[in-house]
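Notes to accompany the following structure.
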Number of protein chains: 2
Amino acid sequence: MNKKPNLKDVAKVAGVSAITVSRVLSNPDKVSEKLRTKVEQAVHEIGYIRNHAASALASRRSGVIAVIIPSLSNIVFNDVLQGIYSAVKQHHLQVVLGDCHYSPLEEEKLIATLLSQSPEGFILTGTDQTDYARKLLQQSGIPIVQLMELSDCPIDMNIGFSHFNAGVDITNHLLQKGYRKLGFLGARMDTRTQQRLAGFKKAIADFKQPCQSYVVTTTQSSSIRLGGQLLQAVMAESQGQCDAVFCCNDDLALGALFETKRMNLKVPADIAICGFNDLEASALVEPAITSVASPRFEMGQQAVELLMTASGEDKTHKPPIDVGYRIVERAST
Amino acid sequence: MNKKPNLKDVAKVAGVSAITVSRVLSNPDKVSEKLRTKVEQAVHEIGYIRNHAASALASRRSGVIAVIIPSLSNIVFNDVLQGIYSAVKQHHLQVVLGDCHYSPLEEEKLIATLLSQSPEGFILTGTDQTDYARKLLQQSGIPIVQLMELSDCPIDMNIGFSHFNAGVDITNHLLQKGYRKLGFLGARMDTRTQQRLAGFKKAIADFKQPCQSYVVTTTQSSSIRLGGQLLQAVMAESQGQCDAVFCCNDDLALGALFETKRMNLKVPADIAICGFNDLEASALVEPAITSVASPRFEMGQQAVELLMTASGEDKTHKPPIDVGYRIVERAST
DNA sequence: AGTCAAAATGGTTGCGCTATCATTTTATCT
DNA sequence: AGATAAAATGATAGCGCAACCATTTTGACT
């Protein structure tokens, strides 16, 4: 197997110098059209592909941004990722992606690994990074965006919405509808879920009339199946009294809904169900499930844009961006 | 902002030579314990992070594998990705991921971009790469795995299963159950969906008794909502005769099932529904949906393992690996 | 034609690391 | 203790590219 072609090989074929080839690849408009086409032909002919490592080393620009999400299997982060990829494409960047499985320690290791790629920006999910991770990130000097939730003390930039407020609002929605024996079904119990739960408790505590709450949580990862199990659990705990459940996400809500059919409960007459994240299925099941929508795709896109504008050296502290959320009221409540 | 620390800085702090630091990072057991701990402390103290570009350039090993999937939003590829990431972690590799949106041309561009990272292996989805893409891949000399479907002429290695056979089998399943007016609902119509459709047609053509088929397809991307629309379409086309539908994936099948409720059709009495991919929801809806399961996570894992063993220079041609599939019969048929 | 500025092109150097080989230290044996 | 092998450490060079500055070519003007 003959070695991979390099710049010089292309230069030889095109009859120009190596640096000219380099320019054709990175600044085509700095080269005359004649040479440019000659070089481009040579590149295509011998199937030359630039060595990114050498390019990054020499230019001190990696063309890479690093992204860490807590889970690949959660559709929520998938939406964000799609936004990120769509934005990244415009800027001719590459993404290196890590999945930290909701673990700050794994995240710390990933941050170190991904920083070694000399990314030009870093997108993180959430706000619970370890101290050492924060040190590494700050030391790197690159722009950083923390996604999904709002932080009091962001590392750098921050874009998201208040899961606490959303929790309050959706709980109040149930209370306003007349439900008084509210259940909270929670899985995974990451920081965002905890904030939703805190909102749930706050709304109940602030409510002027007597009402009951039942909280059933597990650190297991969320799934549709688990939603059914948690519904069973909350019905057991409330001795069948529970008349509405706030599920910490739509997977649980769907599972709970499917379980009500097996339990012969009418939704929303016997029990109301609401979820979180507004997945497609929630709008299409019968009855459709009330949920909390947020602009995940746009959040991903905007995170990339923030990184790109931030690399312009203005180290002014930017305030967190609240993208908001929207309660989508449907038949299940 | 003081510059990012490099090997020499660590070496100075630890009182050793740069090359020793390098060894601690890549071959810790080649260094005495005394020096090793000293170096490790220095690394942690100054927050040193190795420059991957320089490392890759000097060592000619990038520690990266490239992956291209046709869609980030399709859960199917998500499962594969999870398998890939889980395997990659064991080998201390990084993934660079591209989403080609089911387009061979986009894929070609992505392949060129990702090859510039000097990946040590390449994972592709499907078998319809452009000629130039194949040339680039072959020239790169790295091991390549094509995933998901089986190919007659793989570029290098191949792991997947026969979507044609699966299409035949699931159609025969419907025929055996006594259904005679079969509909096929197809979205996206990528090569794998086309193969499933070909299987559907073959089974019908080979069936010894009279039967009808109605094929409704669209190049729109698949969604639950679309499943409902396609069900409407097939019922219109068959003038209400259609008594079973094979949906090219479970999203469509779920949408079709939800639509039957709105149309007051009983499943499976009035109409049978089967899907493809066996998503979690399919097992939990009422009635549960018959589907075709395949080991996606394992396929992803195995693809990485194949790459790793293949870099061991044995250029013997490996036969495609058939991971098989399984028809999961449920109440909907 | 001659002058000057601007555009186009090329030569040299160094980015930060590791492969390679050379040297020193330590362990193992007679 | 001396000889030898083995392990540990260090010095040097170069990976492939782009930044930087030098040189050449081109075009626009008097």
Side-chain angles (χ1 to χ4, degrees), chain A residues 2-40 42-43 46-64 92 113 115-120 140-141, chain B residues 2-40 42-43 46-64 92 113 115-120 140-141:
Chain A
N2 36 3
K3 236 170 43 118
K4 259 186 286 180
N6 63 19
L7 262 190
K8 275 185 199 163
D9 300 327
V10 181
K12 215 175 293 172
V13 172
V16 297
S17 71
I19 188 68
T20 300
V21 179
S22 170
R23 265 194 283 260
V24 170
L25 296 174
S26 18
N27 288 79
D29 39 325
K30 295 272 179 195
V31 179
S32 68
E33 196 181 318
K34 212 178 73 186
L35 285 195
R36 190 179 345 130
T37 45
K38 234 197 300 187
V39 169
E40 276 163 355
V43 165
I46 68 179
Y48 169 72
I49 286 177
R50 173 157 48 176
N51 183 323
H52 172 264
S55 167
L57 182 59
S59 69
R60 264 142 286 190
R61 305 209 60 210
S62 67
V64 158
H92 297 282
T113 311
L115 277 179
S116 76
Q117 306 267 350
S118 314
E120 298 178 20
S140 75
Chain B
N2 36 4
K3 233 169 45 112
K4 259 186 287 180
N6 63 19
L7 261 191
K8 276 184 198 162
D9 301 326
V10 180
K12 215 174 294 169
V13 172
V16 298
S17 71
I19 186 69
T20 300
V21 178
S22 170
R23 264 193 283 259
V24 170
L25 296 173
S26 17
N27 288 80
D29 40 323
K30 295 272 179 193
V31 178
S32 67
E33 196 180 317
K34 210 179 73 187
L35 285 195
R36 193 181 340 134
T37 45
K38 236 199 296 187
V39 169
E40 277 163 356
V43 165
I46 68 178
Y48 169 73
I49 285 177
R50 172 156 51 176
N51 183 322
H52 172 263
S55 168
L57 183 59
S59 68
R60 265 142 286 193
R61 305 209 61 213
S62 67
V64 157
H92 297 282
T113 311
L115 277 178
S116 76
Q117 306 267 348
S118 314
E120 297 178 21
S140 75

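It should be emphasised that the depicted structure is a prediction, and the values quoted were computed from it without experimental measurement. All chains are named by letter (A, B, ...) in the order of the sequence lines, taking the proteins before the strands, and each is independently numbered beginning at 1.
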Worksheet item: Rounded to whole angstroms, how far apart are CG on L7(B) and P on dA11(D)?
Response: 14 Å

Mind listing the N/O atom pairs, protein and nucleotides 5-10 of chain D, below 3.5 Å?
unit_1, atom_1, unit_2, atom_2, d
dT9(D), OP1, S32(B), OG, 2.8
dT9(D), OP2, S32(B), N, 2.9
dT9(D), OP2, S32(B), OG, 3.3
dG10(D), OP2, S17(B), N, 3.2
dG10(D), OP2, S17(B), OG, 2.9
dG10(D), OP2, T20(B), OG1, 2.5
dG10(D), N7, R23(B), NH2, 2.8

Discussion item. Going by side-chain contact (heavy atoms from CB on, under 4.5 Å), name the residues that satisfy it together with T113(A), two or more places apart in sequence or in a different chain.
Written reply: Q94(B)

Worksheet item: Which heavy atom in S62(A) sits nearest to a heavy atom in A56(A), and how many Å separate them?
Response: CA-CB, 4.0 Å

Which pairs of donor and acceptor atoms, one on a side chain in residues 20-32 of chain A, lie under 3.5 Å apart (sequence neighbours left out)?
unit_1, atom_1, unit_2, atom_2, d
T20(A), OG1, S17(A), OG, 3.1
S26(A), OG, S22(A), O, 2.8

Worksheet item: Got a sec, which residues hit side-chain hydrogen bond (donor to acceptor under 3.5 Å, both in side chains) with S118(A), two or more places apart in sequence or on another chain?
Response: none

Practice prompt. To the nearest Å, give me how far apart CZ (R60(B)) and P (dG14(D)) are.
Written response: 11 Å

Response to the item:
Contacted region of DNA chain C by chain A, from 5' end to 3' end of the hits, cut-off under 4.0 Å to heavy atoms, spans dA8(C) to dG16(C)

Item to complete: State the CZ-NZ distance between R60(A) and K4(B), to the nearest 0.5 angstrom.
Response: 10.5 Å

Worksheet, complete the sentence: Sequence neighbours excluded, the answer for salt bridge (charged side-chain N to carboxylate O under 4.0 Å, His left out) partners of R61(B) is E120(B)

Fill in: Taking every non-hydrogen atom, the tightest pair across I46(A) and V10(A)
CD1-CG2, 3.6 Å

Fill in: Integer-rounded Å distance: dA18(D) C1' and N6(A) CG
14 Å

Fill in: Short side-chain N/O contact to dG16(D) OP1/OP2 from Y48(A), under 4.0 Å
no

Worksheet, complete the sentence: From CG of N27(A) across to C1' of dC17(D) the rounded distance in Å is 14 Å

Discussion item. Just verifying a value: how many Å separate N6(B) CG and N51(B) CG, rounded to the nearest 0.5 Å?
Written reply: 9.0 Å

Worksheet entry | d(NZ, K34(A); P, dG27(D)) in whole Å | 10 Å

Item to complete: Could you state the atom-to-atom distance from NZ of K4(A) to C1' of dG16(D) in whole Å?
Response: 11 Å

Worksheet item: Hey, can you pull the residues of residues 49-58 of chain B with a non-hydrogen atom under 4.0 angstrom from DNA chain D?
Response: L57(B), A58(B)

Item to complete: Might you point out which heavy atoms bring A14(A) and A42(A) nearest each other, and give the distance in Å?
Response: CB-CB, 3.9 Å

Practice prompt. Calculate, to the nearest 0.5 Å, the distance between atoms NE2 and CG belonging to H52(B) and L115(A) respectively.
Written response: 13.0 Å

Worksheet item: Mind checking what makes side-chain contact (heavy atoms from CB on, under 4.5 Å) contact with A58(B), not counting sequence neighbours?
Response: none

